[in-house]
Structure formats: C-alpha cells, structure tokens
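Notes follow the structure.
Just the heavy atoms: all of them, side chains too, but no hydrogens, waters or symmetry mates, feed the values below. Chain letters run A, B, ... following the sequence lines, proteins first and then strands; every chain starts at 1.
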Protein chains: 2
Amino acid sequence: MNAMNHNWAEASARPNAARPTLFRGLPRKDIRHLLNIFEEDRLADGDPLPRGRAEPPFVGLVLDGALREDVRTPQGGTRLFALTFAGEALSPLGPCHKGGRLSAMGDTRLLTCDRAVFDVLASSIPRLYMNLLGVMQDQITDAYRWQTLLGRKTATERVASMLTWFHARQGTPAELTLPLSRAELGEMSGLTLETVSRQFRNLQKAGVIALPRPRQVRVLDTETLIHLSGDAPLEHAA
Amino acid sequence: MNAMNHNWAEASARPNAARPTLFRGLPRKDIRHLLNIFEEDRLADGDPLPRGRAEPPFVGLVLDGALREDVRTPQGGTRLFALTFAGEALSPLGPCHKGGRLSAMGDTRLLTCDRAVFDVLASSIPRLYMNLLGVMQDQITDAYRWQTLLGRKTATERVASMLTWFHARQGTPAELTLPLSRAELGEMSGLTLETVSRQFRNLQKAGVIALPRPRQVRVLDTETLIHLSGDAPLEHAA
DNA sequence: CGAGCTATTGAGTAGTCTCAACAATTGTGG
DNA sequence: CCACAATTGTTGAGACTACTCAATAGCTCG
C-alpha cells in the first residue's frame, strides 16, 4: 500500500468554497442540526467505505482527504474511475452502483447519511432536495468533461487537463501532490502509464511544470497548461 | 396544449418497458393527472426544443421519435453528444446545460414540465421525486458506458457497442434504422467517419450484420455482436 | 545497502487518422 | 419518370499517434 502519510487535508485546505454542496444556502441552525444527524467516518489510506447498513450511503460529504472510486471492468478487472476531493460531495447516483467500490486516499474524514434519514431531513428542510440536485449536476458536468477528454483529446491534452483539474480542485496550491501513480492516471485518462510519463516529461521540458519528485508537480505556467489542455478557449479563437 | 388522450402505455410499450421512467409505479389516477399538467410538444425533424419560459424544461418524456443533444466544443464548433429515444426521459441535469441544444430527430412528440410545476406536482405525489432520481440514475449509467467506450475500446468495439445499444433501445427490431450518419456516429464514439464506415463493412463481411442500405442494419448474429462490443453479455438471470 | 516498487526511456508496431478519389443514395427540376 | 446535382458513404495509401515489450533508472523503506 502506498501509504504516503502526506496530509491531504492540508493540500486541500481551501476546498472549492464556491462549489454548490449539500449544505449550501442553509441557515446556520439547520446546518448544525444536519451535522448532528449525519454520521462521521474516519478512514485511513486504503480503507474501504464501510457500508454499515448493507447499502452504500445515500449522500456523503468529504471533509478531509479524498475518496477514490474503482469500478469493475467487463473483463473482471477493476480500474480507477473517479476521485472525490475534500469539499466535494458523493451523490446517491454516482458511486457504488454497478459494483463500484469506494475507498480512502490518505487519512479521510467524511459525513454520510442514508436514504431514509435523508428523506426525513429533507421533509423538514426542503432546500436539501435542491442542493442534492446541484450535487448531481456537478457529477454530470464532470462526466461530460471526461467524455470530452476521452473522446476527442490527444495524450498531451489529456494529461494537461488532468493536471489542470486536480490543481484547481485542490485549491491551486503552489506545489501539487499527485494522489495517483502514472498507471492510475492512465486508467482514468485512457492512456498507458508510459504515455502518461512521456507527457509529464514533455511538459517539464517545455517549462510548463517542474517535477521535483515524480508525484510533486509545480505548475510554472498555468496559462500554457490550460491552453495545452484544449479546454479554455481564448475568446478570440475562431 | 395538454397531453390528452393518447396512449402513453403504447408509446413506451415497445422500448425499454423495464426502464424506470418518471411515471413508474404511480396509480392510474395520478398518471392521468400528470398527463393533463405536462405540456405536449410536437416537433418536426430538426426543430429545436422550444424553451418557452427562458429555461430548458425541467423534465421531459419522449413519446415518439427521438431527441438529439448537441453540445458546444471548446473550439466553438458543436458536436452530437447524446440521444434520447422514445420511452426515455430527459433529466433536469443532462440536457441543455453547458450550452447544449436539444432538437428533434424525425417527427417527435414529447411531454415537458418546468421546475416550478414539477415541485408542485411532486409535493402531492412524493413518489415523483423517487422516480426522478431513477431517471438521473439512468443518465449516469449511460455516461459511465460512454466513458468506458471512449476510454478503453477499439474501433470495432465502439461500433459494435453503439449498434448493440441502439438495437436494444429501439426494442431489438429485426431491422434497425440508424438515426445517424457515419459522421455523427463518429462524433459520438470519438472516431472518424471513415473508420466508422470501415467497421460497418467489417461487421458485414464477418456476417454479423447485413446492410441493405447504409442506414438499415439487420442484426444477424446478436451473440457475436455483443461479444465484439467487449461488454459482458446480458444477464438473462433475473 | 539492497529489495521492491514506481517511473523513465527506447525501439518497433498496430491501429486510427488524414487526405483523396470514387461510388451509392437521395433529392430536385424538367 | 428521368437526368442531374448534392449529399452521404466507401475505399485506398501513407502518416502519425499511442501502444507493446523490454531494459534502465530513481524512490522508499525495511
């Protein structure tokens, strides 16, 4: 196990405050109430999400650390499918279904709530339903991004995109710690580990990133990185 | 215009009867009520979905025909992104957002409902919320399938997969009419139109399908087609 | 320090794309 | 209904990207 006792909480100390999460827009009183009802789990690196009551949690919020979701392939193997960083939410739809499996990356704290409890809560705090839709909206948006990446992008663009996304989702720190090996990055982006490695080197040679260590990435030229990702079009294109 | 007296059951009888849709499990009385409240639109080929009240519809049900969703690419172009066949539902999350655009393929009838109305309806028929989750669940499952296709599959597997899906979603007719050109199939599957064409020919030469006309596909060997798609064979267990 | 990973690098290849010509199908006006 | 134009689909040759296989280098941790 690549324990990596690195503190993810620190890396993501500034979770996307702007991202609509489950508690968005609720009065302080309601939030306090919810925090009392939701269950808090603490997981160490690699721990699977406990499925206490025979079911995956209906919704969840990652407070610290990160979760990874591995899905089963038709061939019987398993592959890394998605990540949930601190400050992001688990929707009832994305994870676990289809034989997916959630586990912690680094020390992780999360709040969960099962379906029955959620329904009770939501009946007294209707806004919860709206926020739940927002959470799922985010998931679909993500899925769309990955579809674009996988369907239309070159290797360079894929790697640049992943770096950009991770960087942004961890709060654009000066130095980014990759939570994944080259092989895992490849699994997510539909590339081989060798190709991922080569692309990292190319970005390094081009002066876009520095790689003090294989998993430490310093983004030197955000502008160019985004440009290489093929995503953010400068308005005067076309 | 209200959705009066056409036979809802008929429209969805053929295609995926098992697929959980918005009205699943509701008493006849409630369904009749809903059909009165939902708006019915009739579109001709190519018509965009009217966005009456400045907003895309919150939920929709395709009764006849099909809808296509085109999204804007970062480069400013647009590309075919998803299809919704008769009997399937539009969730509030998938379509339209991100500058997507919905339009009809062939003569199409659909029922729509905006957010405010849906909330009112759902407060008197709580099961609607549950069904809505089911609809979104389907969308996420679809997104996952496409991610697998785009990320890990060869050209042959991609084309075989699309054929299998379309075939199943149209009720496994003896002869399937493709709603898309080779170029559009390529847009969805991340291939060029030439490669799509070549794969069709290969499947034909292998005796898996017949192509009486470019867009008419007779599936001769479902078994092999599914095998070539690289997906696990359908479980007839249940 | 060395074992066991993980990552890098290289050489050769397979599969898909690009570009280009051609064929088939569909649509249109006489 | 035919002739023709426009669109869509097919086929081929060559180029190029990313893959495979294989060897080497660099971390991490006992």
Whole-Å distance separating the CD atom of B:Gln204 from the P atom of D:dG9: 14 Å

task: Tell me which of A:Lys153 and B:Ala183 sits closer to the 5' end of DNA chain D, going by the nucleotide each one is nearest to.
output: B:Ala183

field: For B:Thr195, all residues meeting side chain to side chain donor-acceptor pair (under 3.5 Å), sequence neighbours excluded
entry: B:Thr192

Partners meeting salt bridge (Lys or Arg N to Asp or Glu O under 4.0 Å) with B:Arg68 (sequence neighbours left out): B:Asp70, B:Glu184

- prompt: Got a second to check how far B:Leu149's CG is from B:Ser229's OG, nearest 0.5 Å?
  reply: 9.0 Å

query: For A:Gln216 and C:dA7, what is the distance between atoms CD and C1' respectively, to the nearest whole Å?
result: 15 Å

task: Using the test side chain to side chain donor-acceptor pair (under 3.5 Å), find all partners of A:Thr224 that sit at least two apart in sequence or belong to another chain.
output: A:Asp221

- prompt: Once you round it to whole Å, what is the distance between P of D:dG9 and CZ of B:Phe200?
  reply: 9 Å

task: Consider the side chain of A:Arg182, meaning its heavy atoms from C-beta on, and name the nucleotide among C:dT9, D:dG9, C:dA7 that approaches it most closely.
output: C:dA7

message: Between A:Thr156 and B:Ser181, which residue's closest nucleotide on DNA chain D lies nearer the 5′ terminus?
response: B:Ser181

query: Where along nucleotides 17-23 of chain C does protein come under 4.0 Å, by heavy atom, of base (B) or sugar-phosphate alone (S), with - for untouched nucleotides?
result: SBBB---

Residues in side chain to side chain donor-acceptor pair (under 3.5 Å) contact with B:Asp107, at least two apart in sequence or another chain: none

message: Filter on ring-ring contact (aromatic ring centres under 6.0 Å, His included), then keep only pairs touching residues 56-76 of chain A, sequence neighbours left out; what's left?
response: A:Phe58-A:Phe118

- request: Name all residues meeting the side chain to side chain donor-acceptor pair (under 3.5 Å) criterion together with B:Arg215; count only those two or more places apart in sequence or in a different chain, and write none if there are none.
  value: none

message: Expected output is a numbered-order residue list: members of residues 206-215 of chain B with a heavy atom under 4.0 Å from any atom of DNA chain D. What is it?
response: B:Pro214, B:Arg215

- prompt: Partners of A:Arg109 by salt bridge (Lys or Arg N to Asp or Glu O under 4.0 Å), sequence neighbours excluded?
  reply: A:Glu40, A:Asp64

For residues 197-208 of chain B, dump all side-chain donor-acceptor pairs below 3.5 Å to protein atoms at least two apart in sequence or in another chain.
| unit_1 | atom_1 | unit_2 | atom_2 | d |
| --- | --- | --- | --- | --- |
| B:Gln199 | OE1 | B:Thr156 | OG1 | 2.9 |
| B:Arg201 | NH1 | B:Gln204 | OE1 | 3.0 |

message: Keeping B:Thr73 on the side-chain end and B:Gly77 on the backbone end, is there a donor-acceptor pair under 3.5 Å?
response: yes

message: Test: salt bridge (charged side-chain N to carboxylate O under 4.0 Å, His left out). Region: residues 152-167 of chain A. Which pairs qualify, not counting sequence neighbours?
response: A:Lys153-A:Asp231

statement: Between its two end axes (five pairs each) the helix from C:dC1-D:dG30 to C:dG30-D:dC1 turns, nearest 10 degrees, through 40°

